[in-house]
J.: 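Got a structure for you, written out below as structure tokens; questions coming shortly.
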Amino acid sequence: MEKKNRKYFPIFVDLSDKKVVVVGAGTIAKRRIRVLIDFTDQLFVIAPEINPELRELETAGRLTILRKKFERTDIRDARYVIAATNDHKLNLDIYTTCKELNIPVNDCNDKTRCDFYFPVLAYDDCIVAGVSSGGRDSARSKRIANQIRTLLGEKKDLQSADSCRTADTDDRDTGSSPPGGNGAGKDLHVKIFTDGAARGNPDGPGGYGTILQFTDSSGELHEREYSQGFIKTTNNRMELMAAIVGLEALNRPCAVELYSDSQYLVNAFNQHWIDSWIKNKWVRKDRKSGASLPVKNIDLWQRLLAAARPHSVSWNWVRGHDGHPENERCDTLATSAADGDDLIEDVEIFY
């Protein structure tokens with residue numbers, strides 16, 4: 001049986017005093033760091049350049065940063081290593097070094113070079129639950145983890161690094177009714193800004209950018225950024241993904257103001273297109289021919305409905321490239337992800 005098809009046995013490890021090394025400081029590396037930082041006091045990050053978010057964690061004493069290029073001697077005393085650079089050759093070198101030193105390693109660019117996977121986590125002060133499909137069905141893993149989070153009934157406020165407890169390797173429930181009803185009257189107010197981009201739409205690479213903002217009771221603004229690039233996708237799919245990622249990051253029901261420059265996304269809710277699609281079992285009428293056609297991007301619309309259902313969401317359109325600060329930032333996140341080397345496949349998953 002090939003390694004990629006094997007099931008992984010779950011073992012809960014005390015990392016508190018064990019040295020964990022993450023090589024890299026890009027999008028994937030930051031996701032791994034957000035997961036690990038609650039579990040170890042010996043987290044080391046190796047990268048020539050560091051973004052502001054990691055610098056803040058360093059200042060707070062949450063991790064140690066080595067601002068340098070990777071050298072083999074950097075991991076001699078590590079217990080676990082994560083190779084999370086955008087250089088596949090370097091990741092392979094890290095993997096090879098770890099195998100020589102008998103150090104468990106996770107290569108973020110190649111799941112066949114992973115001694116362990118990062119599960120989707122659901123946890124509170126007492127219970128820690130991890131869900132993994134070994135990289136084969138991330139959507140189902142995340143859907144199950146979200147159900148566990150509901151059972152845990154987390155009561156903590158959305159704040160700082162704990163604001164979005166969505167651990168990331170394995171990762172949606174789909175719905176048949178619009179969100180809103182059971183999300184009304186939530187006391188936690190969150191703003192989500194989104195944008196999507198595609199190069200050579202629909203045959204080129206693309207990416208999404210999402211900014212999540214929350215102001216706590218003391219008036220302090222907390223912010224989180226998300227982005228990811230895809231090998232081949234469309235602009236509309238990236239617009240939907242940007243909204244999905246922001247909503248899925250929330251770990252309790254919230255009152256959400258979501259801002260997007262995509263009329264495709266915003267009008268689907270504000271003009272009730274989505275109600276019609278659901279009523280007609282995801283079939284629409286073609287304006288020119290009158291023929292019945294399947295709604296495009298059904299998988300993402302259904303995933304978006306599921307992500308929005310726990311919340312009270314207002315869908316707000318902003319004009320793109322018009323000087324809106326967060327929209328401009330989201331555009332930069334999306335295009336940078338689309339132009340980056342850390343691209344993944346855009347796979348349609350239906351339920």
Side-chain angles (χ1 to χ4, degrees), residues 24-31 34 49-56 86 163-164 166 168 171 189-215 221-250 254 256-271 296-297 300-301 303-304 307-308 311 313-346:
T27 300
I28 298 298
K30 287 193 294 183
R31 292 177 185 170
R34 290 175 195 146
E49 298 180 6
I50 300 295
N51 59 65
E53 179 184 339
L54 296 185
R55 285 199 295 268
E56 290 178 6
N86 58 8
S163 64
C164 305
T166 305
D168 58 7
D171 287 306
H189 189 184
V190 175
K191 291 183 179 181
I192 299 175
F193 303 90
T194 68
D195 198 17
R199 306 300 199 187
N201 186 43
D203 296 318
Y208 66 78
T210 304
I211 298 172
L212 190 152
Q213 292 182 345
F214 164 67
T215 302
L221 175 66
H222 300 281
E223 193 171 72
R224 178 75 70 221
E225 292 181 353
Y226 300 89
S227 63
Q228 177 62 57
F230 292 80
I231 298 170
K232 180 180 178 182
T233 189
T234 69
N235 185 73
N236 282 341
R237 287 185 68 80
M238 293 297 95
E239 297 284 3
L240 294 177
M241 276 300 304
I244 288 167
V245 168
L247 290 168
E248 287 185 342
L250 304 175
C254 301
V256 179
E257 293 180 31
L258 191 144
Y259 295 87
S260 170
D261 62 12
S262 169
Q263 294 190 15
Y264 175 69
L265 168 64
V266 172
N267 287 346
F269 291 93
N270 290 346
Q271 296 188 17
K296 293 182 178 180
N297 306 314
L300 295 186
W301 284 116
R303 180 176 166 187
L304 179 58
H311 315 289
V313 184
S314 65
W315 306 88
N316 302 278
W317 181 75
V318 297
R319 188 178 300 277
H321 307 288
D322 196 40
H324 187 288
E326 285 80 12
N327 180 257
E328 296 290 348
R329 286 172 57 195
C330 286
D331 177 71
T332 299
L333 288 170
T335 54
S336 297
D339 294 336
D341 296 325
D342 184 26
L343 303 181
I344 62 176
E345 290 188 27
D346 182 6

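Reckoned from all heavy atoms, side chains included, excluding hydrogens, waters and symmetry mates.
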J.: For the residue pair Tyr264 and Trp301, is the inter-centroid distance of their aromatic rings smaller than 6.0 Å?
T.: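 Yes, the ring centres sit under 6.0 Å apart.
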
J.: Any idea how His324 and Phe193 line up, ring-wise: parallel (<30°), tilted (30 to 60°), or perpendicular (>60°)?
T.: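 The arrangement is tilted - the two ring planes meet at 30° to 60°.
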
J.: What pairs with Arg199 under side chain to side chain contact (heavy atoms under 4.5 Å, CB included), at least two apart in sequence or on another chain?
T.: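 Per chain and number, Arg199 pairs via side chain to side chain contact (heavy atoms under 4.5 Å, CB included) with Pro205, Thr335, Ala338, Asp339.
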
J.: Let's go through Asn236 and Lys296 carefully: what are the C-alpha distance in whole Å and the side-chain angles of both, what is the deciding distance for side-chain contact (heavy atoms from CB on, under 4.5 Å) to 0.1 Å, and is it a yes or a no?
T.: CA-CA 9 Å; Asn236 282 341; Lys296 293 182 178 180; over 6 Å; no

J.: What are the two closest heavy atoms between Tyr226 and Ala249, and how far apart are they?
T.: OH-CB, 3.5 Å

J.: Sequence neighbours left out, what passes side chain to side chain donor-acceptor pair (under 3.5 Å) with Ser260? Give chain and number order.
T.: none

J.: Test side-chain contact (heavy atoms from CB on, under 4.5 Å) on Phe230 and Leu343; report intermediate values, then the result.
T.: CA-CA 5 Å; Phe230 292 80; Leu343 303 181; 5.9 Å; no

J.: Excluding sequence neighbours, so at least two apart, what forms side chain to side chain contact (heavy atoms under 4.5 Å, CB included) with Glu49?
T.: none

J.: At what distance, to the nearest 0.5 angstrom, does CZ of Arg55 lie from CD1 of Ile50?
T.: 8.0 Å

J.: Just verifying a value: how many Å separate Ile28 CD1 and Ile344 CD1, rounded to the nearest 0.5 Å?
T.: 7.0 Å

J.: Is a side-chain donor or acceptor of Asn270 paired with a backbone partner of Trp315 at a separation under 3.5 angstrom?
T.: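 Checking the backbone N and O of Trp315 against the side chain of Asn270, a donor-acceptor pair under 3.5 Å is found.
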
J.: Quick one: are Asp346 and Lys232 in side-chain contact, heavy atoms under 4.5 Å?
T.: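 Asp346 vs Lys232: side chains apart.
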
J.: Mind checking what makes side chain to side chain donor-acceptor pair (under 3.5 Å) contact with Asp261, not counting sequence neighbours?
T.: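 Expected list: Asn327.
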
J.: How far apart are the closest heavy atoms of Ala334 and Gly209, and which atoms are they?
T.: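 So the two residues come closest at CB-N, 3.6 Å.
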
J.: CG of Asp322 to CD of Glu328: how many Å apart, nearest 0.5 Å?
T.: 8.0 Å

J.: For residues Thr210 and Ile192, determine if any side-chain heavy atom of one lies less than 4.5 Å from a side-chain heavy atom of the other.
T.: yes

J.: Is the shortest heavy-atom distance from the side chain of Glu223 to the side chain of Leu212 under 4.5 Å?
T.: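 No, every pair of side-chain atoms sits at 4.5 Å or beyond.
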
J.: Under 3.5 Å, side chain of Glu248 to main-chain N/O of Ala307, donor-acceptor pair present?
T.: no

J.: Closer than 3.5 angstrom, by distance alone: can the side chain of His222 be matched with the main-chain N or O of Phe214 as a donor-acceptor pair?
T.: no

J.: According to side chain to side chain contact (heavy atoms under 4.5 Å, CB included), who are the partners of Asn316, at least two apart in sequence or on a separate chain?
T.: Glu257, Tyr259, Ser314

J.: What residues form a side chain to side chain donor-acceptor pair (under 3.5 Å) with Gln228, not counting sequence neighbours?
T.: Arg31

J.: Of all residues at least two apart in sequence or in a different chain, which pass the salt bridge (Lys or Arg N to Asp or Glu O under 4.0 Å) check with Glu225?
T.: Arg329

J.: Decide yes or no on side-chain contact (heavy atoms from CB on, under 4.5 Å) for Gln213 and Val190, but give the supporting numbers first.
T.: CA-CA 6 Å; Gln213 292 182 345; Val190 175; over 6 Å; no

J.: Would Glu326 and Lys191 satisfy side-chain contact (heavy atoms from CB on, under 4.5 Å), going step by step from the backbone distance to the final call?
T.: CA-CA 10 Å; Glu326 285 80 12; Lys191 291 183 179 181; over 6 Å; no

J.: What pair of heavy atoms forms the shortest contact from Thr233 to Met238, and how long is it?
T.: OG1-CE, 3.4 Å

J.: Within this structure, what is the CG-CG distance for the pair Asn297 and Leu265, rounded to the nearest 0.5 Å?
T.: 11.0 Å

J.: Measure the shortest side-chain to side-chain distance between Phe269 and Leu304 over non-hydrogen atoms and say whether it is less than 4.5 angstrom.
T.: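 They are in side-chain contact.
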
J.: Minimum heavy-atom separation for Asp195 and Ala242, please, with both atom names.
T.: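 Answer, listing the atom of Asp195 first, then Ala242: O-CB, 3.5 Å.
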
J.: Sequence neighbours left out, what passes side chain to side chain contact (heavy atoms under 4.5 Å, CB included) with Asn86? Give chain and number order.
T.: Asp341

